[in-house]
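Below you'll find the structure, written out as structure tokens, and then a few comments.
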Amino acid sequence: MSKPKQSQPIRPEKHFADFRRWLEMESEAERERLEERRKIRNSADAERGGETLLDMVVRNHSSGLGGRYLLTLQKRKSVDRLPWHRFKVGSPVLLSPDGDASGRAIQGVVSGRNHDSLEVAVSDWPEADRLRVDMSPDEVTRKRQVAAMSVAEKATGVHGRLRDLFLYERAPSFRQNVRVAPSERLNDSQNAAVQFAVSAEDLAIVHGPPGTGKTTTVVEIIRQAIANGERVLACAPSNTGVDNLLERLVLAGESAVRLGHPARVLEVVRNHTLDALVAQHDAYSVIQDMIREAEQLERRAGRFTRGRPAPGQKYQQRQEARDLRKHARIMERQAINEVLADARVVCATVSFDFNIIEDHEFDLLVIDEACQSVEPGCWVPLKFAHRVVLAGDHCQLPPTILSKPAAKEGFDVSLMQRLVEHYGDTVTRLLTVQYRMHEQIMRFSSDTFYDGTLTAHESVAQHKLSDLPTIPAEGVDDAPVVFYDTAGAGWEEKLEENGLSKLNPNEGKLVLEQVAALCEAGLSPTDIAVIAPYAAQVRWLRQHCEYDKLEIDTVDGFQGREKEAVVMCTVRSNTNGEVGFLSDSRRMNVALTRARRKLIVIGDSATLGNDEFFTRLLQWFEDIGAYRTVWELMSND
């Protein structure tokens, strides 16, 4: 149980000034990295960081909602899997002519991804046939965050009281004797978290370790608020996180509206976007007729004719077109307001442009995956709410920060982590039953990060690979956890040619051998994940892998995900005992908790053992009988 810290109140002017400075440092780091990437024209070098794809062509296109083009981009000379990359749905990108540094770049946003293609939504058609795709700095989002902090700094009323609470100038408060009927769908710790959140008058935090049903709990909190007649603004840092929340709400029978460009929204929930709902409004056909008539008038006014038009005729046509568009916009705004007024739940990313709901208030703001957002992101929707529920896990990966100086000064500490560390159990409820992992896979994470409080639900506590219908018991090693020690084998790490990342080909070969053994035993490649901490190792594994549908990614890429079996290599093997950023134990917490039934870890104990965290992990492998050496495998060959 964590107790509140006796921290001094934080001065708003200093707090927000620090974050404005850190945002600028992060912006500068992003601009520098983009400039460096765009100087590199060689495909192998440019694509190594995962933020650039070269030699791309438009294989297909369609018209997207909002009048954009949806371009399906693939490699020009190959339709095979794309190189490893960091592009996700919602990522802002630049499309520019490949091979022409002076060519015009156009802004776009990733609206879909596949193993062999990337779908990008753009407003303009690209000028070149061969394209390069670069991750783009998101300056628009950063400006919204700066503006939100300026508003919060001067805020009064409810907004000001929440700011004071978040800066330790006043204590959180709770209503007494609030009773919520327990849900049969939830366990005791989940129901307790719901009860606690409903009783909070300003702030409650749901701490959800891996597999504990955090989003399920958040959805029930939202449902209880709706049942009490409240309006809810539900947010998450990523588009995928918002869509996941929205999908769960819809499955639970709640009607919700999704804000955001439809291109950024998963297809399964696009009919809940504001655009789609406005298109069903009674006035929509009239609005479309007015826009079409305006376009016809504009074309007529701009058309050359042999006969001399009547004096003022073209001006009158253009004026009529402007009036029609003006009235269409007014009617569209009325339709939007009516859709939003009827919505009990509105969903959006935390850094969305909320001007569209400027006239609306919400009783409750819920931010799921709150630890994956930098603090300024959480201030953007805060001004619309009377009370707040944050949900996440500060023992997993923090927000990704490019500027190391900014991170070192505190930019990578999320709002939720800061509040948990200050207020402790005063505002926090921990979920304690997990529904993902075999009990043994869960144990180290529970003991190390959650004071041993986690228990495995009976439905997963002893589940093994051989319980799956495709796998015969005699055809697979059913031990839930296995560690292969490479110490003494001479499998030292290598530095990639550009010196930016590390790889270990020998570990990579063993990883692929373990994957092949799992597949031969009857497990589908789609049920296996391969996790490597370094991008260079991910690229090596993808290049040498024979299974198209096998997911291979970095630890960051698998946060929030799960698979039946996970094979992880640690890469680091050197005479200096250096483990690099593996020393961030939160990264390992994520990697060790993705597997449901089987976890295989490969590493060099002589190197890893120089780190305190890995010393405990290696001892745990030995204690549970999971320790093996690669020499055993070699002797069996």
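Quick caveat, the model's predicted, so the values are computed rather than measured. Quick note: residue numbers are just sequence positions, from 1.
- Within the 4.5 Å cutoff, side-chain heavy atoms of I528 are placed close to those of C519.
- Taking CD from Q417 and NE2 from H394, the interatomic distance works out to 6.5 Å, rounded to the nearest 0.5 Å.
- Put simply, the side chain of R248 does not reach to within 4.5 Å of the side chain of E254, judged on heavy atoms.
- A donor and an acceptor atom, one from each side chain of Q372 and S238, are nowhere located under 3.5 Å apart.
- Between the side chains of S117 and R113, not a single donor N or O lies within less than 3.5 Å of an accepting N or O.
- A donor-acceptor contact closer than 3.5 angstrom is absent between the side chains of N504 and Q537.
- In terms of heavy-atom proximity, L340 sits nearest to I356 at CD1-O, 3.8 Å.
- Contact record, L95 with V122: CD1-CG1, 3.9 Å, taken as the closest heavy-atom pair.
- Between F411 and W22, the ring-plane angle classifies as tilted under the 30° and 60° cut-offs.
- Judged purely by atom type and a 3.5 angstrom limit, T217 uses its side chain to pair as donor or acceptor with the backbone of G213.
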Taking it one step at a time, do M56 and K75 satisfy side-chain contact (heavy atoms from CB on, under 4.5 Å)? CA-CA 5 Å; M56 303 288 281; K75 283 287 188 178; 4.0 Å; yes
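- Looking only at atom types and distance, the side chain of E247 has no donor-acceptor partner in the side chain of N244 under 3.5 Å away.
- Under 4.0 Å is where a charged nitrogen must lie from a carboxylate oxygen, and between R20 and D18 no such pair does.
- V93 has its side chain within reach of F87: a pair of non-hydrogen atoms, C-beta onward, lies under 4.5 Å apart.
- Relative ring orientation between F581 and Y534 is described as tilted, the plane-to-plane angle lying within the 30° to 60° band.
- Side chain to side chain, H115 and D548 fail the donor-acceptor criterion of an N or O pair below 3.5 Å.
- The nearest pair of heavy atoms linking R594 to Q559 is NH1-C, 4.2 Å.
- In summary, the side chains of T349 and N239 do not present any donor paired with an acceptor at a separation below 3.5 Å, with no hydrogens or angles considered.
- With hydrogens and angles disregarded, a donor-acceptor distance shorter than 3.5 Å links the side chain of R59 to the backbone of R76.
- Taking NE2 of H85 as the reference point, atom CG of L53 lies at 6.0 Å (rounded to 0.5 Å).
- In this structure, CG in L277 is found 13.0 Å from CD in E338, a value given to the nearest 0.5 Å.
- Aromatic ring orientation, F362 versus F384: perpendicular (interplanar angle above 60°, classes split at 30° and 60°).
- The backbone N or O of K502 lies less than 3.5 Å from no partner atom in the side chain of K494, so there is not a single donor-acceptor pair.
- With V374 as reference, I401 is the one residue of I401, V350, T400 to meet the side-chain contact (heavy atoms from CB on, under 4.5 Å) rule.
- For the residue pair S255 and R344, no side-chain donor N or O sits within less than 3.5 Å of a side-chain acceptor on the partner.
- In this structure, the side chain of S583 engages the main chain of G580 through a donor-acceptor pair within 3.5 Å.
- The environment of CG in N355 is crowded: more than 12 heavy-atom neighbours from other residues, nucleotides or ligands sit within 6.0 Å.
- Between D527 and R596, no side-chain nitrogen of the basic residue sits less than 4.0 Å from a carboxylate oxygen of the acidic one, so the salt-bridge criterion is not met.
- In this structure, D243 pairs ionically with R258, as a charged nitrogen and a carboxylate oxygen lie closer than 4.0 Å.
- If you check the side chains of E28 and S403, you find no donor sitting under 3.5 Å from an acceptor.
- Side-chain atoms of D134 never come within 3.5 Å of backbone atoms of T52 as a donor-acceptor pair (strictly under, hydrogens ignored).
- For the pair R542 (side chain) and I552 (backbone), a donor-acceptor distance under 3.5 Å is present.
- Under a cut-off of 6.0 angstrom, the local environment of CD in E546 is sparse, with at most 12 non-hydrogen atoms contributed by other residues, nucleotides or ligands.
- In this structure, W379 has its ring center no closer than 6.0 Å to that of F19.
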